[in-house]
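The structure presented is a predicted model; accordingly, all values stated were derived computationally and were not measured. Counting starts at 1 for both ligands and their atoms, in listed order.
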Amino acid sequence: MDLRTVKVDELPLVGPQYAKKLEKLGIYNLWDLMHHVPFRFLDFSKSSAIYNLQIGETATIKGTVTSFVNQYTKKGKPMQIVTIADDTGKVNAIWFNQIYLARTFKKGTKVAIAGELNFMGRNKAIVAPEYEILNEEGNQIHTGGLIPIYSETAGISSKWLRRRIHDVWEKYENDLQEFLPQNVLEKYNLIDFKIAVANVHFPKSLEEFEKGKNRLAFNELLSLHSVNMARKKEWEENKIKKVLKINKNEINKFIKNLPFKLTTSQQTVIDEILDDLQKNIPMNRLLEGDVGSGKTVVAAIGIYATYLNKRKSVLMAPTQILANQHFNTLKSLFKNTEIKVGLWTGSEKTAEEFDVLIGTHALLNAKNKMRSVSFIVIDEQHKFGVKQREKLNNKSTSTKVAHILTMTATPIPRTVALTFFGDLSLSVLNELPKGRQKIVTWVVPKNKRGSGFKWIKTQIKNENIQAFVVCPLIDESENLIEVSKARPFGIKAANKEYEYLQKMFPDLRIGLLHGRMKNREKDEAINDFKAGKINILVATPVVEVGIDIPNATIMVIEAADRFGLASLHQLRGRVGRGQLKSYCLLMSENESEKSGIRLNAMTKTSSGFELAELDLALRGPGEIYGNKQSGIPELKIADWNNLQMIKDAREVAELTQSRL
Ligand code: ADP
Ligand code: MG
């Protein structure tokens with residue numbers, strides 16, 4: 001029997017109420033329950049003599065109950081005091097509100113308890129320890145050696161979980177049959193499934209536990225793959241009736257006339273996309289490319305190929321600013337063609353008829369626009385929720401089947417992308433166009449801020465360039481920001497900084513751009529900046545994605561320690577877009593070592609992928625990809641950090657596909 005098919009509420013003592021609570025822990029069925037891995041253990045295998053107990057120390061003791069007293073606290077709360085003695089002394093264990101314990105702790109009973117010894121008023125006691133009655137035979141699931149502590153939720157304790165897991169083990173042991181072939185287990189150094197479950201929940205040693213956990217982590221990744229494979233299969237059932245023809249000749253002519261030569265990697269990716277476009281299965285492809293790697297032109301060529309079939313495309317961007325920019329870019333790229341480029345955003349709807357329509361999310365609701373579209377490009381996908389993506393997919397499948405190209409600059413390691421986005425095909429742009437200069441990056445401590453800004457002013461005056469100043473907040477009163485939960489060190493707010501810079505540089509023109517401004521005001525700020533009417537643009541991270549202004553060569557990031565490396569990299573990528581030498585100043589008042597290491601990494605490497613990996617090592621998996629918006633949730637057992645296992649699991653999933 002597949003334990004995935006048995007819901008938890010089918011277990012004795014687990015009704016719908018407990019099932020609801022278990023859902024909070026991500027546990028729906030018995031398979032999930034057996035994959036609920038403890039995060040630590042109490043060690044009952046080594047017990048201490050009561051005489052040796054120290055205040056504040058967590059220890060296990062074994063002894064005999066010498067008394068059980070039921071008392072009331074000053075506030076009238078029932079309190080149970082159990083006295084336990086061994087050859088060396090006596091100690092009290094205390095519980096509250098558990099009168100029924102009288103039945104358990106009868107005088108003369110041999111027990112083990114584990115917990116921390118502390119002062120209760122003037123007396124010493126262990127409060128609410130883990131406990132178990134010791135008898136010669138039978139399983140000691142709560143005190144027999146290593147006692148698992150699980151992540152809990154209101155109404156679900158580790159003790160409760162141990163009991164349920166133990167029951168399931170007893171009843172369903174034989175359903176925990178190995179499902180991977182022996183040679184696979186050997187090749188990937190995995191232990192048997194059933195043994196792994198036992199090792200995880202009832203380990204004899206931590207080593208044993210780790211081996212078991214390793215196997216269950218592998219299972220978790222395999223499950224992810226099988227979900228993705230199923231999704232992919234379902235996707236591939238969509239069939240395009242009138243397939244596109246790829247007019248290689250015309251496309252090559254178009255490429256030849258571009259203002260630049262494509263990079264090898266752009267050429268490869270374009271071939272992959274064109275190949276997909278002529279199939280009768282709709283494309284579902286993720287294009288990953290570092291900031292500035294030139295994804296837009298790749299999309300443009302797909303759009304052109306579609307147009308040559310007299311069919312329509314849509315390009316969706318996460319912000320209006322970016323939609324406007326794409327609109328201008330595409331108009332310019334297509335200026336020698338007949339392509340009609342339309343714009344459809346919250347405030348602007350220029351398109352009655354179009355060959356390619358550029359827009360924001362607003363397009364999702366423009367059903368009549370989406371209906372006749374053959375090619376959909378979603379730019380900067382990490383800003384789109386998974387839900388929105390699904391909505392889009394449904395919309396296109398329910399109307400007419402469309403090819404979908406999703407683009408992201410989030411530096412997800414290829415291995416992770418192949419697993420998490422395993423239902424998508426993957427293309428990677430792994431080089432930047434030639435001639436790009438490295439962006440000189442400095443970390444600027446508090447005492448150098450003044451001279452830093454003076455230098456910027458000189459640059460603006462002498463070189464006639466422009467600068468961005470990015471602040472993590474709009475107003476100072478905001479205390480919550482998305483980029484980091486770190487302690488605030490000299491956080492800067494855009495509104496304040498704007499006033500400050502206006503005072504400091506009365507002869508420079510300072511602009512302001514943040515998410516709470518009206519769309520019209522935002523457009524105006526961006527357009528003024530583009531036109532060179534503004535010298536310094538103070539902004540919140542709204543500029544993070546995609547803005548392309550070649551004359552802006554200085555990026556100042558305030559409170560840089562508050563951002564993830566991936567975000568810093570994205571922000572830095574806003575400069576260094578033209579041929580001019582560019583600079584990034586990371587302002588930070590945080591003098592901690594960790595912050596130092598992170599920010600210094602920015603000065604050394606310009607690869608988004610390297611930075612992502614470093615962030616992973618320094619900040620932990622929860623924050624790998626800069627922020628929650630990467631859309632990649634944490635795994636329960638496995639670790640996105642463990643690229644080797646992720647790779648292995650993928651190999652095995654493909655090998656054993658039919659069996660999963
Ligand atoms: P991103 O991948 O970040 O979306 P863009 O598509 O905005 O990057 O491209 C960044 C800049 O590089 C644009 O100004 C674009 O015109 C330019 N560009 C794109 N491809 C090339 C190339 N092969 N050679 C030179 N410049 C290029
Ligand atoms: Mg882009």
Expected output: side-chain Asp639 to main-chain Leu635 donor-acceptor under 3.5 Å: no
Any donor-acceptor N/O pair, Thr605 side chain to Ala601 backbone, under 3.5 Å: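 No.
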Ligand 1 contact on Lys434 by region, counting heavy-atom pairs under 4.0 Å: neither
Ligand 1-proximal atoms of Leu262, by part, heavy-atom distance under 4.0 Å: backbone
Close approach of Ala409 to ligand 1, heavy atoms, under 4.0 angstrom: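 No, Ala409 has no heavy atom closer than 4.0 Å to ligand 1.
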Whether Ser293 lies under 4.0 Å from ligand 1, heavy atom: yes
Quick one: which ligand 1 atoms are inside 4.0 Å of a heavy atom on [X]?
| X | result |
| --- | --- |
| Thr263 | 23 (N) |
| Lys261 | 22 (C), 23 (N), 24 (N) |
| Thr296 | 4 (O), 5 (P), 6 (O), 7 (O) |
| Gly294 | 1 (P), 2 (O), 5 (P), 6 (O), 8 (O), 9 (O), 19 (C) |

Greater than 12 external heavy atoms within 6.0 Å of Lys438's NZ: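 It does: Lys438 NZ has more than 12 such atoms within range.
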Neighbour count above 12 (heavy atom, 6.0 Å) for Lys457 NZ: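 Correct, the count exceeds 12.
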Pro433 N/O to ligand 1 N/O under 3.5 Å: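 No, no N or O pair falls under 3.5 Å.
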Val291-ligand 1 polar pair, N/O distance under 3.5 Å: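 No - when backbone and side-chain N and O of Val291 are compared with those of ligand 1, no distance drops under 3.5 Å.
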Test log, rule side chain to side chain donor-acceptor pair (under 3.5 Å), inputs Asn324 and Asp523: CA-CA 8 Å; Asn324 281 328; Asp523 289 346; 3.1 Å; yes
Qualifying residue for salt bridge (Lys or Arg N to Asp or Glu O under 4.0 Å) with Asp528, from Lys533, Arg509, Lys522: Lys533
Criterion side chain to side chain donor-acceptor pair (under 3.5 Å) on Arg285 and Ser427, from CA distance to verdict: CA-CA 7 Å; Arg285 183 171 285 277; Ser427 290; 2.8 Å; yes
